[in-house]
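Following: one structure in structure tokens, then a few remarks.
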Amino acid sequence: MTSMQILPHPFYDRDAESVARDLLGKLIVRRVDDRLLIGRIVETEAYLGPHDLAAHSSKGRTARTEVMFGPPGHAYVYLIYGMHYCLNVVTGPGEHASAVLIRALEPVENVSITASGPGRLCRALQIDRRLNGHDLTQGELVVAQAEGFPRSLEIVARARVGVDYAGEWAGKPLRFYIAGNPYISRA
DNA sequence: GAAGGGATTCGC
DNA sequence: CGAATCCCTTCG
């Protein structure tokens, strides 16, 4: 396939909303043994930091949320509802305890089962807690940009999913997806 | 619409 | 300790 360029740390060292928008169209590259599983990000959600009542970091710094309080560009992976993993990338600026949830991928290479929805995405890419804290600029899980793609995208902003408990934060348009893409998790 | 399932957190 | 909660998915 075309050559790819791994996104460097400064890409992540910005506010979560900017990173969430700019991740659309980028590639998740997961290496399992000698196989590369590749998907294009088509849906994300921004979690802005401790003041955002929908963000895990708003509950304080704990063993589970520790990675969120660390440097940008690392994976924050946790188990939810006893059976699904969710993949987030830690953003900035600095150690701001903000992150972007990756909600859906469009299959690009070796992704046969559906990767729409955060739980299914992790199943498709064989992501579990062992990748919590992983540096996304190297190793078995990275985010990259294909040369010359994407050019321009039409982005839709909507309320985030599954955060009804978050009061006024529940309705803020911090979920982003590529308009018309068939792999988004829900309309 | 409800249940399934386990880690995590909080309250007693 | 027990109880409640959860950035979900699949089944009825």
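The chains referred to below are lettered A, B, ... by the order of the sequence lines, with proteins before strands, and numbering in each begins at 1.
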Task: Near-parallel close stack of A:Tyr47 and C:dC7 base (under 5.5 Å, under 30°) - done: yes
Task: Between P of B:dT8 and CG of A:Leu79, the distance in whole Å - done: 8 Å
- [ ] To the nearest Å, give me how far apart NZ (A:Lys172) and P (C:dC7) are.
- [x] 18 Å
Open item on the list: Please verify the inter-ring angle class for A:His96 with A:His51; under 30° counts as parallel, over 60° as perpendicular, anything in between as tilted.
Closed with: perpendicular
TODO: Quickly work out the A:His56 NE2 to B:dC10 C1' distance and round it to whole Å.
DONE: 16 Å
Task: Nearest-nucleotide comparison on DNA chain B, the residue closer to the 5′ end among A:His84 and A:Ala63 - done: A:His84
TODO: Please state how far atom OH in A:Tyr85 lies from atom P in B:dG5, giving the value in whole angstrom units.
DONE: 15 Å
TODO: Please report, rounded to the nearest Å, how far the P atom of C:dT10 is from the CE atom of A:Met83.
DONE: 10 Å
Open item on the list: Tell me whether A:Arg14 forms a cation-pi arrangement with A:Phe11, defined as NZ or CZ under 6.0 Å from the six-membered ring centre and within 45 degrees of its axis.
Closed with: yes
Open item on the list: Please tell me whether A:His56 and A:Asn88 have a donor and an acceptor in their side chains that are separated by less than 3.5 angstrom.
Closed with: no
Open item on the list: Under a 3.5 Å cut-off for both contacts, is B:dT8 paired Watson-Crick or G-U wobble with anything, and if yes, with which nucleotide?
Closed with: C:dA4
- [ ] In whole angstrom, give the distance that lies between atom CG of A:Leu48 and atom C1' of C:dC7.
- [x] 13 Å
- [ ] Please determine if a side-chain N or O atom of A:Arg160 lies less than 4.0 Å away from the OP1 or OP2 oxygen of C:dC8.
- [x] no
- [ ] Taking only the side-chain heavy atoms of A:Thr62 (C-beta and beyond), determine which of C:dC7, B:dT9, B:dG6 contains the nearest atom.
- [x] B:dT9
- [ ] Remember a base hit wins even if backbone is also touched, and classify A:Arg129 as base, sugar-phosphate or nothing at under 4.0 Å, heavy atoms.
- [x] sugar-phosphate
Task: Interatomic distance, A:Arg61 CZ vs B:dC10 P [rounded to whole Å] - done: 16 Å
Open item on the list: With a 4.0 Å limit, can you tell me whether A:Arg120 has a side-chain N or O closer than that to the phosphate oxygens OP1/OP2 of C:dT10?
Closed with: yes
Open item on the list: Can you measure A:Arg64 atom CZ to B:dA7 atom C1' for me and round it to whole angstrom units?
Closed with: 8 Å
TODO: Among the candidates B:dG5, C:dT9, B:dT8, find the nucleotide nearest to the side-chain atoms of A:Pro118.
DONE: C:dT9
Open item on the list: Less than 4.0 angstrom from a charged side-chain N to a carboxylate O is my criterion; do A:Arg31 and A:Glu140 meet it?
Closed with: no
TODO: Mind listing the closest non-hydrogen atom pair of A:Leu121 and A:Leu87 along with its distance?
DONE: CD2-CD2, 4.3 Å
TODO: Scan A:Arg186 against the nucleic acid and name what it touches under 4.0 Å (heavy atoms): base, sugar-phosphate only, or nothing.
DONE: nothing
Task: Residue-phosphate contact under 4.0 Å: A:Tyr165 side-chain N/O, C:dC7 OP1/OP2 - done: yes
